[in-house]
Number of protein chains: 2
Amino acid sequence: MAPSALPSNYEDLRTVISTRHDLLSKRLRQIAEFALANPNDMALETVSVIAERANVQPSSLIRFAKAFGYDGFSTMQRVFRARLTERQPSYRERIKALKEQSDTPMSAITVLDRFTEAATHALSHLREETRPELLEQAVELLANAEWIHVIGQRRAFPVAAYLNYTLSHLDRKVSLIDSVGGMVTEQAKNISPNDLLLAVSFQSYAPDTLAIATQARQQGSKIIAITDGPLSPFAALSDVCFEVEEAQVESFRSLSACMCLSLSLAVCLGYRLDKNTNFDNLFA
Amino acid sequence: MAPSALPSNYEDLRTVISTRHDLLSKRLRQIAEFALANPNDMALETVSVIAERANVQPSSLIRFAKAFGYDGFSTMQRVFRARLTERQPSYRERIKALKEQSDTPMSAITVLDRFTEAATHALSHLREETRPELLEQAVELLANAEWIHVIGQRRAFPVAAYLNYTLSHLDRKVSLIDSVGGMVTEQAKNISPNDLLLAVSFQSYAPDTLAIATQARQQGSKIIAITDGPLSPFAALSDVCFEVEEAQVESFRSLSACMCLSLSLAVCLGYRLDKNTNFDNLFA
DNA sequence: ACTAATTTAGAAAAATCATTCTATTTGATC
DNA sequence: GATCAAATAGAATGATTTTTCTAAATTAGT
């Protein structure tokens with residue numbers, strides 16, 4: 001009765017359920033239909049809740065699971081649960097794995113291997129986790145700002161410089177607060193309430209950047225932040241906050257994902273400002 | 001103590017947790033960090049499993065939930081569970097949906113999708129095409145140089161700035177030729193025959209960078225170039241030349257691969273200089 | 001350095017939940 | 001329509017899980 005190999009991922013389970021659907025008894029067929037139609041319920045609800053929603057007895061659900069070879073409902077439920085998490089293949093764990101194989105001596109090419117791999121993960125994480133609305137809100141703020149001020153210090157500076165570069169190719173007024181000559185405070189004075197501050201900052205959050213953002217917030221300027229997590233002080237300070245989990249091997253963090261996000265932002269803004277723009281000559 | 005309205009969706013909960021993070025007691029803060037980093041675990045595992053993974057007592061999790069106004073852990077867990085079902089369709093589904101409505105020119109998220117995809121290709125290209133000897137030669141030159149001068153202009157500047165940042169964390173003498181105050185020529189005069197020039201340049205090769213590289217070559221300084229192809233004038237000028245095929249969508253070129261290479265170079269150099277170095281405090 | 005207040009750990013209790021079991025129903029076969 | 005096998009319902013059970021509670025530990029204030 002039980003199938004040879006019991007399905008351990010959702011796709012397989014789906015197939016098996018569909019295939020055997022016609023051969024099932026009335027009540028089990030009813031459950032099969034419910035399961036395929038409501039995989040979320042199957043994953044998250046308790047036996048009695050699912051039973052109620054599917055109009056069956058709780059015990060039928062156990063019979064259902066056993067009919068497919070599982071030793072109980074909970075075992076089958078794992079498959080439904082895995083479906084909910086497997087679409088983002090646990091970025092954190094893969095990075096952790098990278099860290100753990102660090103006892104092997106590092107040849108030059110190994111280092112490059114590790115970093116390209118880590119960066120690839122960071123990129124796919126960026127792609128999966130960035131909410132479209134966030135991007136659109138950011139683009140809207142960028143489009144409406146009278147003047148855009150970009151700041152980023154230390155490790156964040158290359159990102160800020162890049163944003164400054166790309167944005168200045170669109171017809172927005174942009175200035176980079178680069179603190180040349182120790183003029184941070186003076187440069188920050190130029191930020192007016194109708195302006196936008198584009199702040200890039202990572203742990204351990206440069207005090208200047210934080211101070212300027214705080215000041216900008218107080219006087220009512222808009223703020224877009226590119227930072228490294230929900231616990232960043234910029235998460236609370238900003239109107240739109242991009243949390244970029246950057247590639248990391250041991251204690252070295254890359255900037256690949258940030259650069260990618262920055263370029264994307266600029267290009268989106270380009271489209272937003274003029275949908276017919278021919279960009280061929282920009283970013284030359 | 002309890003907040004007025006208790007968050008009923010994940011985004012709100014996240015915000016509340018971030019905001020109150022600093023005010024929480026040690027153990028609760030620990031849980032807050034775990035929760036934000038592992039929302040999947042929070043959604044699907046039992047109290048005791050989560051407690052184990054987060055290295056806290058089960059009862060602490062209940063205290064945590066109550067601290068945020070919920071009447072028990074299960075109530076809070078619902079919020080984490082809801083996140084899994086309200087999730088946006090996965091990346092693949094998103095793209096499929098977008099391709100079908102091909103009249104929509106470029107939505108924000110499509111742009112990001114394209115660029116992350118392109119950057120991923122660029123990274124794997126970088127890994128596959130970079131010859132190990134090239135990296136090792138570069139590291140050797142970097143290790144032996146008396147002084148390292150980094151130059152990059154316009155689009156290449158962020159890469160140069162990043163190299164300057166990472167290299168200056170190792171005990172090498174580095175300076176960035178940033179042409180502040182139009183002092184390019186003056187800054188370039190500091191390059192002596194025992195020094196190394198690390199030049200970053202892409203089409204259409206900034207004249208200043210090219211001029212300085214030429215001059216450096218003539219006086220016998222070593223040159224490492226990061227550039228964009230065999231046809232680059234830097235290919236012939238340099239001792240070691242990295243040809244990075246950068247991610248490109250339409251006419252927009254990213255810098256993800258360059259940033260990755262730069263970091264790798266710096267880390268390799270770190271290992272080369274001192275194989276026992278503890279890097280934990282570098283690149284903070 | 002001492003006291004009071006808060007926080008935490010861990011075991012014990014309460015609640016919930018999955019599963020089993022048996023009486024009953026359904027449906028097929030002769 | 002009688003008989004048997006299979007399927008089902010629903011209560012009872014047993015296991016797991018959440019929550020409570022108290023003693024110990026930590027922290028802050030005087």
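So you know, we letter chains A, B, ... as the sequences are listed, proteins then strands, and number each from 1.
Of all the heavy atoms in A/Ser262 and A/Ile226, the pair that sits closest is OG-CD1, 4.3 Å.
With sequence neighbours excluded, no residue forms a ring-ring contact (aromatic ring centres under 6.0 Å, His included) with A/Phe234. Not counting sequence neighbours, the partners of B/Phe80 by the ring-ring contact (aromatic ring centres under 6.0 Å, His included) test are B/Tyr10. Every residue meeting the side chain to side chain donor-acceptor pair (under 3.5 Å) condition with B/Arg63, not counting sequence neighbours, appears here in chain and number order: B/Ser60. Every side chain to side chain donor-acceptor pair (under 3.5 Å) that A/Thr46 has, sequence neighbours left out, goes to A/Ser48. Taking A/Glu243 as the reference, B/Arg14 meet the side chain to side chain donor-acceptor pair (under 3.5 Å) condition, with sequence neighbours excluded. A/Phe64 meets the ring-ring contact (aromatic ring centres under 6.0 Å, His included) test with A/Phe68; sequence neighbours excluded.
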Taking only nitrogen or oxygen atoms into account, show me every contact under 3.5 Å that the protein makes with nucleotides 22-30 of chain D, one pair per line with its distance.
none

Mind listing the N/O atom pairs, protein and nucleotides 15-19 of chain C, below 3.5 Å?
unit_1, atom_1, unit_2, atom_2, d
C/dA18, OP1, A/Val47, N, 3.2
C/dA18, OP2, A/Val47, N, 2.8
C/dA18, O3', A/Ser74, OG, 3.2
C/dT19, OP2, A/Phe73, N, 2.7
C/dT19, OP2, A/Ser74, N, 3.4

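Protein atom CG of A/Leu23 is 12 Å distant from nucleotide atom P of D/dA7, rounded to whole Å. Rounded to whole Å, atom P of D/dT17 lies 20 Å from atom CE of B/Met76. One atom, CZ of A/Arg29, and another, C1' of D/dA7, lie 12 Å apart when rounded to the nearest Å. Atoms CD (A/Gln57) and P (D/dG10) sit 5 Å apart, rounded to a whole Å.
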What pairs of donor and acceptor atoms, side-chain ones from residues 134-141 of chain A against any protein atom, are under 3.5 angstrom apart with sequence neighbours left out?
unit_1, atom_1, unit_2, atom_2, d
A/Glu140, OE1, A/Arg272, NE, 3.0
A/Glu140, OE2, A/Arg272, NE, 3.4
A/Glu140, OE2, A/Arg272, NH2, 2.7

